[in-house]
Amino acid sequence: YGGFVPGVGVRPGAWNIGKAEPITGNVGTVVWLDPKQRVGVFYNYSENFAPPTSGAAKITGWNADGTIISEGFGATTGSGTEYGLRVSLLDGAVYGEARYYDNEQVDRIDGPPVGNFRSIWNNAGNSYNSNPDFTDASWRDVAAINTKGYEFEVTGNYKGWRVIAKYALPQTENIAIRPVTQAYFAAFLPKWTEWANNLRNDKGDVLTTDNQTQIRNQILNLQNNFAGVAPGTVNNNTNKWTGSLNANYSFPRETKLRGF
């Protein structure tokens, strides 16, 4: 489709080059509580990043007329800690681990409901629906989320058999989802509401009752969307629990089935 022009927005044919210089790191330690290393505690801290994905630019603000101000994304960064207990029994035949983790991501790239905004501008009168800066506007935002929970794993080995059981209790929390997009919506909500109520925009263009209905419907859709990602709510697609049980058997080397 193209790229974005700083201070203007996405434009067909524009090219963009992004540069990110993130730092990653990981540090951890294990302390065994007995000489035979059968019981131990561990702690890890990590910082990570992911390069920005291709797509629309990052919304950073807006002009007085409602056009979007945007710029390129940097790397997505996050940090996390985890700690827990490790147990090794029967000379390593049985191994278990229980851990608690707490991770935070502050600038994950997030796609807002841009189509709802376009629909509002498309129904806001001729001065707006004839301007691609409104009707073709495209942008992305960021999201800050927290993930934490407990994970349990037990591994058993016996005469060629290896059995692994896992169980997890994940928890997620939205911290700030699409903050600039939500601020943009709050800034223009009074104007859109007034135009719909009066059937006339600030340029003097007359709106139809169908325009009125569409604007009100899109406002309601956006309000519901933002309510679903309010601070403290659970992130979408979060499982209450996950679990797995895997078993495999390795044949001894002296048999014809070795390697299977």
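Hydrogens, waters and symmetry mates play no part in the numbers below; they use all other heavy atoms, side chains included.
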Quiz item: When rounded to the nearest 0.5 angstrom, what distance separates CG in Asp107 from CG in Asp110?
Solution: 11.5 Å

Exercise. Compute whether any side-chain donor of one residue and acceptor of the other, for Thr53 and Arg140, lie under 3.5 angstrom apart.
Key: yes

Quiz item: Do Thr172 side-chain atoms and Asn235 backbone N/O form a donor-acceptor pair below 3.5 Å?
Solution: yes

Quiz item: Given Arg216, which of Asn123, Thr193, Asn197 fulfils the side-chain hydrogen bond (donor to acceptor under 3.5 Å, both in side chains) condition?
Solution: Asn197

Exercise. Look at the aromatic rings of Trp121 and Phe188 and report parallel, tilted or perpendicular, splitting at 30° and 60°.
Key: perpendicular

Quiz prompt | Non-hydrogen atoms of Tyr95 and Arg86 that approach each other most closely | solution = OH-CD, 3.4 Å

Quiz item: Rounded to the nearest 0.5 Å, what separation is found between the CD atom of Glu71 and the NZ atom of Lys58?
Solution: 5.5 Å

Quiz item: Are Asn129 and Thr135 linked by a side-chain donor-acceptor pair shorter than 3.5 Å?
Solution: no

Self-check item: Side chain Gln212, main chain Ala196, donor-acceptor under 3.5 Å
Solution: yes

Quiz item: Does Gly204 offer a backbone N or O that forms a donor-acceptor pair with the side chain of Arg200 under 3.5 Å?
Solution: yes

Quiz item: Quick one: does Asp65's side chain have a donor or acceptor within less than 3.5 Å of a partner on Thr67's backbone?
Solution: yes

Practice problem: Step by step, work out the side-chain contact (heavy atoms from CB on, under 4.5 Å) result for Val41 and Tyr83. | Solution: CA-CA 7 Å; Val41 294; Tyr83 52 86; over 6 Å; no

Quiz item: If you take all heavy atoms of Ser138 and Ala56, which pair is closest and at what distance?
Solution: OG-CB, 3.4 Å

Quiz item: Quick check, are the ring centers of Phe117 and Phe134 under 6.0 angstrom apart?
Solution: no

Exercise. Examine distances only and state if a side-chain atom of Asp141 and a backbone atom of Thr181 form a donor-acceptor pair shorter than 3.5 Å.
Key: yes

Quiz item: Same cluster or not: are Phe226 and Ile215 linked, directly or through other Ile, Leu, Val, Met, Phe, Trp or Tyr residues, by side-chain heavy atoms under 4.5 angstrom apart?
Solution: yes

Self-check item: Side chain to side chain, Pro113 and Leu222, heavy atoms closer than 4.5 Å
Solution: yes

Exercise. Identify the two heavy atoms, one from Leu207 and one from Asn201, that lie closest to each other, and give their separation to 0.1 Å.
Key: CD1-N, 3.7 Å

Exercise. Could you check if a side-chain atom of Gln105 sits within less than 4.5 angstrom of a side-chain atom of Thr147, using non-hydrogen atoms only?
Key: no

Self-check item: Gap between atom CD of Gln214 and atom OG1 of Thr209 - 0.5 Å precision
Solution: 10.5 Å

Self-check item: Heavy-atom side-chain proximity of Asp202 to Trp195 below 4.5 angstrom
Solution: yes

Quiz item: CD/Gln171 to OG1/Thr238 distance, rounded to the nearest 0.5 angstrom?
Solution: 10.0 Å

Exercise. Determine, stepwise, if the pair Ser127 / Asp205 fulfils side-chain hydrogen bond (donor to acceptor under 3.5 Å, both in side chains).
Key: CA-CA 7 Å; Ser127 297; Asp205 300 329; 2.5 Å; yes

Practice problem: Indicate the atoms forming the closest heavy-atom contact of Ser88 with Gly92, along with that distance. | Solution: OG-CA, 3.5 Å

Exercise. Compare every heavy atom of Asn44 with every heavy atom of Gly28, then report the nearest pair and how far apart it is.
Key: CA-OD1, 3.2 Å

Quiz item: If you take all heavy atoms of Asn174 and Ala230, which pair is closest and at what distance?
Solution: CB-O, 3.8 Å

Quiz item: For the hydrophobic clusters of this structure (ILVMFWY residues joined by side-chain heavy atoms under 4.5 Å, transitively), does one cluster hold both Leu89 and Val30?
Solution: no

Practice problem: Report the C-alpha separation of Tyr101 and Thr81 in whole Å, then their side-chain angles, then the decisive distance to 0.1 Å, and conclude whether the side-chain contact (heavy atoms from CB on, under 4.5 Å) test is met. | Solution: CA-CA 6 Å; Tyr101 63 90; Thr81 58; over 6 Å; no

Quiz item: Asn146 side chain to Asn103 main-chain N or O, any donor-acceptor pair under 3.5 Å?
Solution: yes

Quiz item: Would you say the side-chain atoms of Asn126 and Ser130 include a donor-acceptor pair closer than 3.5 Å?
Solution: no

Quiz item: Just checking, any donor-acceptor pair under 3.5 angstrom between side chains of Asp210 and Thr208?
Solution: no

Quiz item: Cut-off 3.5 Å, side chains only: do Asn122 and Ser119 have a donor facing an acceptor?
Solution: no

Self-check item: Euclidean distance, Glu153 CD relative to Ser244 OG, rounded to 0.5 Å
Solution: 8.0 Å

Practice problem: Take Ile177 and Ile145, measure what side-chain contact (heavy atoms from CB on, under 4.5 Å) needs, and give me the verdict at the end. | Solution: CA-CA 8 Å; Ile177 309 297; Ile145 60 174; 3.7 Å; yes

Quiz item: Hey, is the main chain of Ala137 close enough, under 3.5 Å, to the side chain of Arg118 for a donor-acceptor pair?
Solution: yes

Practice problem: Tell me whether Phe152 is reachable from Trp241 by hopping between hydrophobic residues (I, L, V, M, F, W, Y) whose side-chain heavy atoms are closer than 4.5 Å. | Solution: yes

Self-check item: Pairwise distance CD(Glu82) to OG(Ser46) - rounded to 0.5 angstrom
Solution: 7.0 Å

Practice problem: Begin from the C-alpha positions of Asn246 and Arg162 and carry the test side-chain hydrogen bond (donor to acceptor under 3.5 Å, both in side chains) through to its verdict. | Solution: CA-CA 8 Å; Asn246 299 304; Arg162 183 177 179 86; over 6 Å; no

Self-check item: Ring centre gap for Trp139 and Trp62 strictly below 6.0 Å
Solution: no

Quiz item: Does the pair Tyr128 and Asp133 meet the rule for a side-chain contact (heavy atoms from CB on, under 4.5 Å), with working shown?
Solution: CA-CA 9 Å; Tyr128 294 102; Asp133 287 340; over 6 Å; no

Self-check item: Sub-4.5 Å side-chain heavy-atom contact between Lys166 and Val154
Solution: no

Self-check item: Donor-acceptor contact present, side-chain Tyr184 to main-chain Ile59, <3.5 Å
Solution: no

Quiz item: Does Thr76 use its side chain to pair, donor to acceptor, with the backbone of Arg108 at less than 3.5 Å?
Solution: no

Quiz item: Looking at side-chain heavy atoms only, is the closest gap between Leu220 and Asn224 below 4.5 Å?
Solution: yes

Quiz item: Is the shortest heavy-atom distance from the side chain of Gln182 to the side chain of Val229 under 4.5 Å?
Solution: yes

Exercise. Indicate, with yes or no, if Tyr150 and Tyr45 share a hydrophobic cluster defined by side-chain heavy-atom contacts under 4.5 Å among Ile, Leu, Val, Met, Phe, Trp and Tyr.
Key: yes

Quiz item: In terms of side-chain heavy atoms, does Asn48 have a donor or acceptor partner in Thr77 at a distance below 3.5 Å?
Solution: no

Practice problem: Please tell me if the side chains of Trp192 and Ile219 come closer than 4.5 Å, counting only heavy atoms from C-beta onward. | Solution: yes

Exercise. Report, as yes or no, whether the 6.0 Å neighbourhood of atom CG on Asp91 holds more than 12 heavy atoms from other residues, nucleotides or ligands.
Key: no

Quiz item: Do Val94 and Ile164 share a hydrophobic cluster, counting only Ile, Leu, Val, Met, Phe, Trp and Tyr and linking them when any side-chain heavy atoms are less than 4.5 Å apart?
Solution: no

